[in-house]
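Structure record follows, encoded as structure tokens.
Letters A, B, ... mirror the listed sequences (proteins, then strands); counts begin at 1. Below, all heavy atoms of this structure are taken into account, side chains as well, without hydrogens, waters or symmetry copies.
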2 protein chains.
Amino acid sequence: MNAAHHHHPDPKLSYNQGEILTCLRQAKEPMSAYAILDRVRTAGISHPPTVYRALNDLMQKGMVHRLQSRSAFVACDHGACDGKFAFAICRRCDKVVEIPLSDDDQAGLLGLAPDEISPEKVTLEIAGLCIACRPAETA
Amino acid sequence: MNAAHHHHPDPKLSYNQGEILTCLRQAKEPMSAYAILDRVRTAGISHPPTVYRALNDLMQKGMVHRLQSRSAFVACDHGACDGKFAFAICRRCDKVVEIPLSDDDQAGLLGLAPDEISPEKVTLEIAGLCIACRPAETA
DNA sequence: ATGCGTGATGATATAACATAACAACTATGA
DNA sequence: TCATAGTTGTTATGTTATATCATCACGCAT
Ligand SMILES: [Zn+2]
Ligand SMILES: [Zn+2]
Ligand SMILES: [Zn+2]
Ligand SMILES: [Zn+2]
């Protein structure tokens with residue numbers, strides 16, 4: 001199989017990267033690596049390392065983000081971004097909203113780090129209840 | 001085995017909880033659940049569910065925190081705390097510093113959440129390089 | 001053309017992390 | 001006694017992630 005035979009979301013991506021990014025974009029919700037694997041089997045991708053390789057490459061490019069609190073992956077809402085984002089996640093339905101962080105936001109967060117650790121990267125995830133799940137919570 | 005036969009870090013803790021909290025406090029660094037399991041075998045704890053149960057109980061009490069970005073657990077630096085903390089973590093040596101968050105800090109973080117998700121809990125982990133690892137990085 | 005280096009992918013196996021489900025034991029009090 | 005709640009033990013399994021080596025396609029120098 002060859003890249004030229006398929007539509008790619010970005011010409012710089014390899015075949016596997018393109019398939020997996022497309023899968024995540026269509027899902028519009030976080031997917032585990034193994035859920036992705038199930039969905040791309042028809043595209044000829046059939047082993048976990050293949051999926052993790054592509055996910056790591058896509059994360060390096062900023063096109064995919066990992067939700068640490070869920071061990072799941074989402075396509076970047078903005079095509080790509082570079083460390084300057086956070087997530088809000090509904091604890092009930094797993095809906096995810098990507099939050100762009102301003103430079104000030106970033107600086108403020110990095111400023112929380114103590115002197116003995118010079119900060120480089122911030123992981124911020126805010127869990128809560130989305131508007132659709134709020135009624136269901138009054139049980 | 002019975003709690004009365006052992007010194008406990010807190011009388012309200014069960015035997016298993018006490019052993020595992022003591023283990024984490026002695027380590028002073030993050031430990032995976034399975035690393036804890038190895039260390040408490042001599043105390044009669046020998047199965048993963050036992051460790052995870054105690055860890056979950058201790059986390060509920062705020063006496064143990066989980067580092068999402070490492071799948072590891074640390075004893076709270078302050079005995080116990082209640083959601084109002086962050087971590088700075090050295091990406092090279094895994095040194096961890098717990099950062100207490102002021103009410104203002106918390107409010108600021110929760111304020112980043114979009115309208116459609118009402119925020120409840122914030123997970124903030126800042127990765128960087130600790131002072132001891134800075135020389136080693138110039139490779 | 002031949003051979004080489006590089007990057008991407010394929011494939012096997014295993015490691016590391018976490019939980020479901022059920023059984024057993026203790027303590028407490030009706 | 002009996003029921004109840006709390007804790008722990010045990011087996012089995014599910015889920016997430018990586019190490020390692022093999023293979024393939026391509027560009028390029030000889
Ligand atoms: Zn993004
Ligand atoms: Zn929701
Ligand atoms: Zn704490
Ligand atoms: Zn360090």
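Of the side-chain N and O atoms in A/Ser71, none sit less than 4.0 angstrom from OP1 or OP2 of D/dT16. Under 4.0 angstrom from either OP1 or OP2 of D/dA17 there lies at least one side-chain N or O belonging to A/Tyr52.
Rounded to an integer number of Å, the gap from B/Asp57 CG to D/dA5 C1' is 14 Å. Rounded to an integer number of Å, the gap from CG of A/Leu67 to P of D/dA17 is 11 Å. Rounded to a whole Å, the CZ atom of B/Arg66 is 16 Å from the P atom of C/dA16. In this structure, A/Arg41 atom CZ and C/dT9 atom C1' are separated by 16 Å, rounded to whole Å. Between B/Lys61 atom NZ and D/dT7 atom C1' the separation is 12 Å, expressed in whole Å. Computed from coordinates, the B/Glu19 CD to D/dG9 P distance equals 11 Å when rounded to whole Å. One atom, CG of A/Leu37, and another, C1' of D/dA17, lie 12 Å apart when rounded to the nearest Å. Separating the NZ atom of B/Lys12 from the C1' atom of D/dT7 is a distance of 18 Å, rounded to the nearest angstrom.
Ring planes of A/Tyr52 and A/Tyr34: perpendicular class, angle over 60° (limits at 30 and 60°).
Picking from D/dT8, C/dC17, D/dA17 the nucleotide with the shortest atom distance to the side chain of B/Ser14 gives D/dT8.
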Where do N or O atoms of nucleotides 10-14 of chain C meet protein N or O atoms at under 3.5 Å, pair by pair?
from	atom 1	to	atom 2	distance (Å)
C/dG10	OP2	A/Asn16	ND2	3.4
C/dG10	N7	A/Arg53	NH2	2.7
C/dG10	O6	A/Arg53	NH1	3.2
C/dA11	OP2	A/His47	NE2	3.4

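If you check every strand for non-hydrogen atoms under 4.0 Å, B/Arg70 touches nothing.
Contact check on B/Glu120 versus A/Arg91 returns a salt bridge, with a Lys/Arg side-chain nitrogen under 4.0 Å from an Asp/Glu carboxylate oxygen.
A/Asp105 places a side-chain N or O within 3.5 Å of a backbone atom of A/Ser102 that can act as its donor or acceptor partner. Between the A/Glu98 side chain and the A/Ala88 main chain, no donor and acceptor come within less than 3.5 Å of each other.
Residues A/Leu13 and A/Val74 do not share a hydrophobic cluster, clusters being chains of Ile/Leu/Val/Met/Phe/Trp/Tyr side chains in contact below 4.5 Å. Residues B/Val122 and A/Leu109 share a single hydrophobic cluster, defined by chaining ILVMFWY side chains whose heavy atoms lie under 4.5 Å apart.
Two residues are said to be in side-chain contact when any heavy atoms from C-beta on lie closer than 4.5 Å; B/Ser46 and B/Arg41 meet this criterion.
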